[in-house]
Novice: 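Can you read through this structure? Questions will come right after.
Just so you know, residue 1 is the first one in the sequence shown, and it goes up from there. Everything numeric in this text was worked out from a predicted model, so none of it was measured.
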Amino acid sequence: MNTKLTLNLDTEVIYEAKSYAKSHKVSLSKLIENYLNSLTRESKKQTSVSPLVESLTGIIPNDFDERKEYRYYIDKKYS
């Protein structure tokens, strides 16, 4: 069900938003709807993280190769 919404925005913001929507072949209404939907989904997804998990965040580097490390461990263990 669609409902009308009236917004008061800066003229320049509206102009830029319309231009963006047009270049992405989407209506301004749909663009705003998608944005608001993403905001509400994001807030619903957030779960509480324990302090232990929070403290461990970022310890493993992004380029960590589990297979390589496991092969190294097996080679070391059985050689």
Side-chain angles (χ1 to χ4, degrees):
M1 178 176 93
N2 290 335
T3 304
K4 242 183 181 183
L5 173 68
T6 302
L7 300 171
N8 292 314
L9 303 172
D10 182 69
T11 306
E12 186 64 28
V13 171
I14 294 170
Y15 176 77
E16 291 295 327
K18 283 182 178 182
S19 176
Y20 178 88
K22 186 176 183 179
S23 70
H24 286 83
K25 295 183 171 80
V26 65
S27 70
L28 186 55
S29 293
K30 195 62 166 173
L31 182 69
I32 293 170
E33 180 183 356
N34 289 342
Y35 175 68
L36 294 175
N37 192 20
S38 72
L39 287 178
T40 57
R41 265 194 317 229
E42 190 174 295
S43 65
K44 289 178 187 175
K45 280 186 190 178
Q46 292 177 349
T47 57
S48 61
V49 177
S50 72
L52 174 63
V53 173
E54 187 69 37
S55 71
L56 295 174
T57 302
I59 288 179
I60 299 175
N62 290 340
D63 60 346
F64 183 75
D65 185 358
E66 297 89 3
R67 289 183 176 184
K68 182 179 176 182
E69 292 298 321
Y70 183 69
R71 278 185 252 128
Y72 174 76
Y73 165 78
I74 294 297
D75 286 346
K76 190 173 177 182
K77 181 176 179 179
Y78 294 109
S79 14

Novice: Who pairs with N2 by side-chain contact (heavy atoms from CB on, under 4.5 Å), at least two apart in sequence or on another chain?
Specialist: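 With neighbours one apart ignored, the set is empty.
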Novice: Could you list who else is in Y70's hydrophobic cluster, with ILVMFWY side chains joined at under 4.5 Å, directly or through other members?
Specialist: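 Same cluster as Y70: Y73, I74, Y78.
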Novice: Keeping to residues at least two apart or across chains, list the salt bridge (Lys or Arg N to Asp or Glu O under 4.0 Å) pairs with something in residues 22-34.
Specialist: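 Non-adjacent pairs meeting salt bridge (Lys or Arg N to Asp or Glu O under 4.0 Å): K30-E33.
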Novice: Tell me every residue that passes side-chain contact (heavy atoms from CB on, under 4.5 Å) with E69, counting only those two or more places apart in sequence or in another chain.
Specialist: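 By the side-chain contact (heavy atoms from CB on, under 4.5 Å) rule, E69 matches F64.
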Novice: Test of understanding: with side-chain contact (heavy atoms from CB on, under 4.5 Å), list the residues that count as partners of Y20, not counting sequence neighbours.
Specialist: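 For Y20, the residues satisfying side-chain contact (heavy atoms from CB on, under 4.5 Å) (neighbours in sequence not counted) are H24, L31.
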Novice: Listed by chain and number, what are the side-chain contact (heavy atoms from CB on, under 4.5 Å) partners of L7, not counting sequence neighbours?
Specialist: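 L7 satisfies side-chain contact (heavy atoms from CB on, under 4.5 Å) with L5, L9, I32 once adjacent residues are dropped.
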Novice: Linking Ile, Leu, Val, Met, Phe, Trp and Tyr through side-chain heavy atoms less than 4.5 Å apart, which residues share a cluster with Y72?
Specialist: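 Besides Y72, the hydrophobic cluster comprises nothing; the residue is isolated.
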Novice: Linking I/L/V/M/F/W/Y whenever their side-chain heavy atoms sit closer than 4.5 Å, directly or via other members, would L36 and V13 fall into one cluster?
Specialist: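 As far as the 4.5 Å side-chain criterion goes, V13 and L36 are not connected within one cluster.
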